[in-house]
Amino acid sequence: VVAVSQFTKNIIIEKYGVPEEKITVVHNGVEEKNFIGVVGVPEFVRQLKKNGKKIVLFVGRITLQKGPDYFVNIAKRVSEYMDNVYFVVSGSGDMEGKMIEDAARSGIAEKFIFTGFLRGDELDSVYRSADMYIMPSVSEPFGIAPLEAVQQGVPTLISRQSGVSEVLSHALKADFWDIDDMADKVLSILQNDVLKFTLSRQGNKEVKNIDWKKAAQKCILLYSKL
């Protein structure tokens with residue numbers, strides 16, 4: 001059995017009773033990208049940046065696993081300390097309606113922008129305009145979106161309950177349920193330019209070594225061994 005993370009391997013052992021020695025971990029990677037010629041940013045992003053607003057980004061399926069309700073709670077806490085932060089949600093899913101309702105109930109609906117599902121140049125341009133990216137997943141076998149964010153120089157906060165946390169050193173990490181810790185780390189990035197620059201630069205360097213070619217080589221070695 002090939003698992004995409006140690007996190008997943010542990011679940012396979014615990015929930016399915018597969019012997020540990022029968023499971024090999026091969027972490028996912030991210031595709032190399034050439035960002036020359038990326039289209040301009042969407043108009044709503046242009047206006048936010050023009051007015052000096054900060055953008056915190058959520059990208060992915062809006063489902064229970066991805067922690068969208070925790071994202072709203074983090075946004076509420078951050079908004080209590082910073083008024084110039086907007087929360088952009090790129091994706092769709094069965095919890096989108098609840099997420100919108102939760103934002104409205106929390107009194108921060110005007111701080112949320114739901115873009116729907118984006119891909120390609122559109123998504124790239126939103127990544128590159130973000131001040132930070134959050135993945136508050138409840139249970140994430142791996143999670144490729146943080147690698148995409150880091151690849152584009154976006155400071156990133158990820159839940160410890162994810163496989164990608166095993167390969168990303170230059171990202172902030174917290175337990176998905178610890179709203180206070182998550183919010184503190186968001187505020188730290190948004191208010192500390194040195195931290196933001198360091199995470200952006202070092203993360204971008206690190207992700208160059210997390211690619212599909214290495215994952216493929218590990219699989220080939222495993223096949224040869226078997």
> Is a side-chain donor or acceptor of E166 paired with a backbone partner of Q6 at a separation under 3.5 angstrom?
Replying inline: yes

> Would you find a donor on one side and an acceptor on the other, under 3.5 Å apart, between the side chain of Q161 and the backbone of S139?
Replying inline: no

> In Å, rounded to the nearest 0.5 Å, how long is the span from CG of N73 to CH2 of W177?
Replying inline: 14.0 Å

>> Regarding E148 and Q152, do their side chains bring together a donor and an acceptor under 3.5 Å, going by distance alone?
In response: no

>> Could you walk me through whether M95 and I62 satisfy the side-chain contact (heavy atoms from CB on, under 4.5 Å) test, starting with their C-alpha distance in whole Å, then the side-chain angles of each, then the deciding distance to 0.1 Å, before giving a yes or no?
In response: CA-CA 5 Å; M95 283 187 69; I62 306 178; 4.1 Å; yes

>> Using side-chain heavy atoms (C-beta onward) and a distance below 4.5 Å, is S188 in contact with L195?
In response: yes

> Does any N or O in the side chain of T115 come within less than 3.5 Å of the main-chain N or O of I113, such that one atom is a donor and the other an acceptor?
Replying inline: no

>> Between the side chains of E101 and K98, is the shortest nitrogen-to-carboxylate-oxygen separation below 4.0 Å, so that they form an ion pair?
In response: no

>> Tell me the closest heavy-atom pair linking V126 and P42, and the distance in Å.
In response: CG2-CG, 4.0 Å

>> Would you say that I55 contacts F44 through its side chain, given a criterion of any heavy-atom pair below 4.5 Å between the two side chains?
In response: no

>> I'd like to know if V56 and M182 are part of one continuous hydrophobic network [Ile/Leu/Val/Met/Phe/Trp/Tyr, side-chain heavy atoms within less than 4.5 Å].
In response: yes

> Do L123 and V30 sit in the same hydrophobic cluster, where Ile, Leu, Val, Met, Phe, Trp and Tyr count as joined when their side-chain heavy atoms come under 4.5 Å apart?
Replying inline: yes

>> Can you give me the closest heavy-atom contact between A171 and L199, atom names plus distance?
In response: N-CD2, 4.2 Å

>> Using side-chain heavy atoms (C-beta onward) and a distance below 4.5 Å, is V88 in contact with F112?
In response: no

> Between E20 and K9, does a side-chain contact (heavy atoms from CB on, under 4.5 Å) hold up when you go through it step by step?
Replying inline: CA-CA 8 Å; E20 182 176 359; K9 178 177 178 177; 3.5 Å; yes

> Looking at side-chain heavy atoms only, is the closest gap between S106 and V72 below 4.5 Å?
Replying inline: yes

>> Is it the case that the side chain of K173 and the backbone of S165 share a donor-acceptor pair, with hydrogens and angles ignored and the cut-off at 3.5 Å?
In response: yes

> Going by heavy atoms in the side chains, are L222 and K218 under 4.5 Å from each other?
Replying inline: no

> Which heavy atom of P68 sits nearest a heavy atom of F58, and at what distance?
Replying inline: CA-CE1, 4.2 Å

> Roughly how far, to the nearest 0.5 Å, is CD1 of I158 from CG of L168?
Replying inline: 5.0 Å

>> Taking CD in E31 as the centre, count heavy atoms belonging to other residues, nucleotides or ligands within less than 6.0 Å. Is the count above 12?
In response: no

> Taking the six-membered ring for Trp, are F71 and F87 parallel (under 30°), tilted (30 to 60°) or perpendicular (over 60°)?
Replying inline: perpendicular

> Would Y70 and I179 count as a side-chain contact (heavy atoms from CB on, under 4.5 Å) if you check the C-alpha gap in whole Å, the side-chain angles of each, and the deciding distance to 0.1 Å?
Replying inline: CA-CA 7 Å; Y70 291 96; I179 301 303; 3.6 Å; yes

>> Measuring only between side-chain heavy atoms, which start at C-beta, is V85 closer than 4.5 Å to K111?
In response: no

> So do the side chains of M135 and T156 get within less than 4.5 Å of each other, counting heavy atoms only?
Replying inline: no

> Do side-chain atoms of S159 reach the backbone of V138 as a donor and acceptor pair under 3.5 angstrom?
Replying inline: no

> Roughly how far, to the nearest 0.5 Å, is the CG atom of D83 from the CD atom of E80?
Replying inline: 12.0 Å

>> Hydrophobic clusters here meaning ILVMFWY residues chained together by side-chain heavy-atom distances under 4.5 Å, can you tell me if L118 and I144 are in one?
In response: yes

> Should E96 and M99 be marked as a side-chain contact (heavy atoms from CB on, under 4.5 Å) after you check the CA-CA gap, both sets of side-chain angles, and the distance that decides it?
Replying inline: CA-CA 5 Å; E96 184 173 0; M99 198 178 189; 5.6 Å; no

> If only atom types and distance count, is the side chain of N204 paired as donor or acceptor with the main-chain N or O of S200 below 3.5 Å?
Replying inline: no

>> Please give me the minimum heavy-atom distance between V167 and E206, naming the atom from each residue.
In response: O-OE2, 3.3 Å

> Taking all atoms of both residues into account, what is the closest heavy-atom pair of A174 and D181, and its distance?
Replying inline: CB-OD2, 3.4 Å

> According to the salt bridge (charged side-chain N to carboxylate O under 4.0 Å, His left out) rule, which pairs have a member within residues 131-145, sequence neighbours left out?
Replying inline: K49-D131, K66-E140, D131-K196

>> Could you measure the distance from the NE2 atom of H27 to the CZ atom of F7? Nearest 0.5 Å is fine.
In response: 12.0 Å

>> Taking side chain to side chain donor-acceptor pair (under 3.5 Å) as the definition, give me every residue that meets it alongside S5, ordered by chain and number, with sequence neighbours left out.
In response: T8

> Salt bridge between D211 and K214, side-chain N to carboxylate O under 4.0 Å?
Replying inline: no

>> Can you tell me how far apart NZ (K15) and CD1 (I12) are? Round to the nearest 0.5 Å.
In response: 13.0 Å

>> Counting only heavy atoms not in N51 (residues, nucleotides, ligands), do more than 12 fall under 6.0 Å from its CG?
In response: yes

>> To the nearest 0.5 Å, what is the distance between CD1 on I74 and OG on S79?
In response: 11.5 Å

>> Grouping I, L, V, M, F, W and Y whenever their side-chain heavy atoms are under 4.5 Å apart, do V25 and I210 come out in a common cluster?
In response: no

>> Which heavy atom of P146 sits nearest to which heavy atom of V164, and what is that distance?
In response: CG-CG1, 4.0 Å

> Considering only heavy atoms from C-beta outward, does the side chain of H170 approach that of V150 to under 4.5 Å?
Replying inline: no

> Under a 4.5 Å side-chain heavy-atom rule over Ile, Leu, Val, Met, Phe, Trp and Tyr, are Y133 and L187 clustered together?
Replying inline: no

